[in-house]
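In what follows, a single structure is set out as structure tokens and then discussed.
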Amino acid sequence: MDPNSYTHSLFSLFVFLVLSPLASGQLDYKFYDSTCPNLTKIVRYGVWSAVYNDTRMAASLLRLHFHDCFVNGCDGSVLLDDTSTFIGEKNSGPNRNSVRGYEVIDDIKANIEKSCPSTVSCADILTLVAREAVFYAGGSTYYWTVLLGRRDGTTASQSAANQQIPSPFEPLENITAKFTSKGLEMKDVVVLSGGHTIGFAQCSSFKQRLFNFNSSGNPDPTLDSSLLKNLQSTCPNQDSSNSNLAPLDPVTINKFDNVYYKNLVNNSGILQSDQALMGDSNMAAMVNNYSKYPYLFAKDFGASMVKMGQIGVLTGKDGEIRKNCRVVN
Ligand code: HEM
Ligand SMILES: *[C@@H]1O[C@H](CO)[C@@H](O)[C@H](O)[C@H]1NC(C)=O
Ligand SMILES: *[C@@H]1O[C@H](CO)[C@@H](O)[C@H](O)[C@H]1NC(C)=O
Ligand SMILES: *[C@@H]1O[C@H](CO)[C@@H](O)[C@H](O)[C@H]1NC(C)=O
Ligand SMILES: *[C@@H]1O[C@H](CO)[C@@H](O)[C@H](O)[C@H]1NC(C)=O
Ligand SMILES: *[C@@H]1O[C@H](CO)[C@@H](O)[C@H](O)[C@H]1NC(C)=O
Ligand SMILES: *[C@@H]1O[C@H](CO)[C@@H](O)[C@H](O)[C@H]1NC(C)=O
């Protein structure tokens with residue numbers, strides 16, 4: 001190497017090391033440390049007050065981040081209200097009369113705007129809120145460090161929400177395909193399904209399992225018989241029961257822990273898509289692992305959430321920082 005190109009390489013290395021955190025378009029752990037130093041405190045306060053008032057809200061807030069990331073990437077699109085130019089995601093099949101927590105995000109955003117106006121994206125707020133919700137419901141075992149610096153999208157898509165958010169009625173292969181199309185893996189399907197250790201499902205999301213006896217008069221063999229009786233009483237076989245609620249983890253309803261996996265081992269998954277994990281031998285081995293080792297689940301859940309939080313993000317100069325999470329600036 002001649003001396004000139006050596007100097008040039010050193011210079012390039014210098015430029016890379018100094019500028020890359022700003023210019024690379026990547027997410028960063030310290031993104032708002034100087035521009036919004038109280039961000040974590042504000043988000044934590046907002047999540048804790050909301051969950052203190054309504055315990056289920058921890059689950060609802062975690063799910064919001066998932067539904068954001070699976071449609072147009074983690075860009076806050078799930079929060080946009082319908083406009084005359086696009087139909088948003090709020091009224092899509094998976095979200096309508098099901099997703100909750102929009103008002104909690106509005107309150108947190110308003111508090112952030114007071115301290116640091118036009119600085120923090122709604123997409124990053126959803127990421128931080130999901131982490132704080134799990135921390136509240138699971139304690140410090142279930143805490144991870146989040147990457148920040150996402151920007152907000154300027155559009156939303158109802159049809160993408162209908163097509164890309166997994167349905168509890170589709171086969172496991174289709175659900176896995178939806179995860180892999182987002183750059184996630186089979187393992188992430190098992191780990192992130194563990195989010196169903198908190199929260200509730202409406203009877204319409206699983207009722208087909210309760211009254212669908214086969215020709216020998218037997219019920220779904222993958223649903224524990226005493227749980228079946230309980231669910232049949234929560235969800236009588238008539239349309240009027242469709243919006244009744246059952247906990248996704250009936251054993252430790254509001255606690256974020258690994259009991260979801262113990263339930264699957266005992267044929268006590270509520271959604272068909274939950275119990276289906278036991279029908280795949282590789283996934284069943286992971287379920288068994290997580291049912292025995294809560295710390296392994298905690299570590300893997302944080303890692304998969306960080307992965308999910310990187311799906312299709314806008315960074316740098318792309319997108320915008322919305323002032324109000326419901327509308328494009
Ligand atoms: C693997 C594919 C998944 C399917 C098929 C699925 C499906 C569902 C369904 C049908 C409900 C109940 C909705 C209702 O009845 O109104 C639900 C609730 C929930 N989901 Fe999922 N989900 C999946 C993955 C995830 C992931 C990755 C997370 C987060 C990491 C998550 C977190 C939640 C939570 C916390 C709730 C309860 C929400 C509440 O109580 O408000 N789910 N899910
Ligand atoms: C408390 O939770 C209830 C039920 O979700 C909700 O209707 C109410 O607005 C919440 N109140 C506050 C102050 O957040
Ligand atoms: C952060 O909070 C402290 C008090 O907890 C306050 O004195 C300070 O002004 C806040 N900083 C910003 C940028 O809002
Ligand atoms: C599963 O995916 C296949 C291939 O994309 C598709 O043909 C099929 O309709 C899907 N099944 C369900 C129940 O969504
Ligand atoms: C009906 O279910 C029972 C157990 O639940 C199973 O042994 C039997 O093979 C099933 N019969 C049919 C026709 O699916
Ligand atoms: C699962 O089954 C085992 C063995 O039958 C039992 O000890 C355990 O309490 C059950 N766990 C749950 C969560 O129902
Ligand atoms: C079970 O967990 C151990 C780590 O504790 C890991 O080495 C192993 O690969 C896991 N097995 C499965 C099937 O996930």
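The figures here come from the full heavy-atom set of this structure, side chains too, leaving out hydrogens, waters and symmetry mates.
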Exercise for the section: Only pairs at least two apart or in different chains count here, so list each ring-ring contact (aromatic ring centres under 6.0 Å, His included) that has a residue in residues 306-329. Expected result: none
Exercise for the section: Please determine if Asp318 and Arg151 form a salt bridge, counting it only when a charged side-chain N lies under 4.0 Å from a carboxylate O. Expected result: no
Exercise for the section: Check whether the side chains of Glu89 and Ser77 place a donor and an acceptor atom closer than 3.5 Å, and report yes or no. Expected result: yes
Exercise for the section: Might you point out which heavy atoms bring Ala160 and Val71 nearest each other, and give the distance in Å? Expected result: CB-CG1, 3.7 Å
Practice task
Among residues two or more places apart or on two chains, list those pairs meeting ring-ring contact (aromatic ring centres under 6.0 Å, His included) that have a residue in residues 120-157.
Solution key: Trp48-Phe135, Trp48-Tyr136, Phe135-Tyr143, Tyr142-Phe256, Tyr142-Phe297, Trp144-Phe301
Fill in the blank from the handout: On a heavy-atom basis, the closest approach of Met305 and Ala130 is CE-CB, 4.1 Å
Fill in the blank from the handout: Paired with Asp249, the side-chain hydrogen bond (donor to acceptor under 3.5 Å, both in side chains) test is passed by just one of Asn254, Asn258, Asn263, namely Asn263
Exercise for the section: Specify the closest pair of heavy atoms between Lys262 and Ser291, including all atoms of both residues, with the distance to one decimal. Expected result: CE-O, 3.3 Å
Exercise for the section: Please answer: with hydrophobic residues joined when any side-chain heavy atoms are less than 4.5 Å apart, are Val99 and Ile87 in the same cluster? Expected result: no
Exercise for the section: Just grab all the disulfide (SG to SG under 2.5 Å) pairs involving residues 105-148, residues at least two apart or on different chains. Expected result: Cys36-Cys116, Cys122-Cys325
Exercise for the section: Please list, chain by chain and in numerical order, all residues satisfying side-chain hydrogen bond (donor to acceptor under 3.5 Å, both in side chains) with Ser226, sequence neighbours excluded. Expected result: Asp224
Exercise for the section: Decide, yes or no, whether a salt bridge links Lys90 with Asp82 under the criterion of side-chain N to carboxylate O below 4.0 Å. Expected result: no
Handout entry: Whichever hydrophobic residues join Ile270 through chains of side-chain contacts under 4.5 Å
Key = Phe206, Leu210, Phe211, Leu223, Leu227, Leu228, Leu231, Leu248, Leu271
Problem - Residues in side-chain hydrogen bond (donor to acceptor under 3.5 Å, both in side chains) contact with Gln164, at least two apart in sequence or another chain - result: Lys182
Problem - Leu80 versus Val328, closest heavy-atom pair with distance - result: CD2-N, 3.8 Å
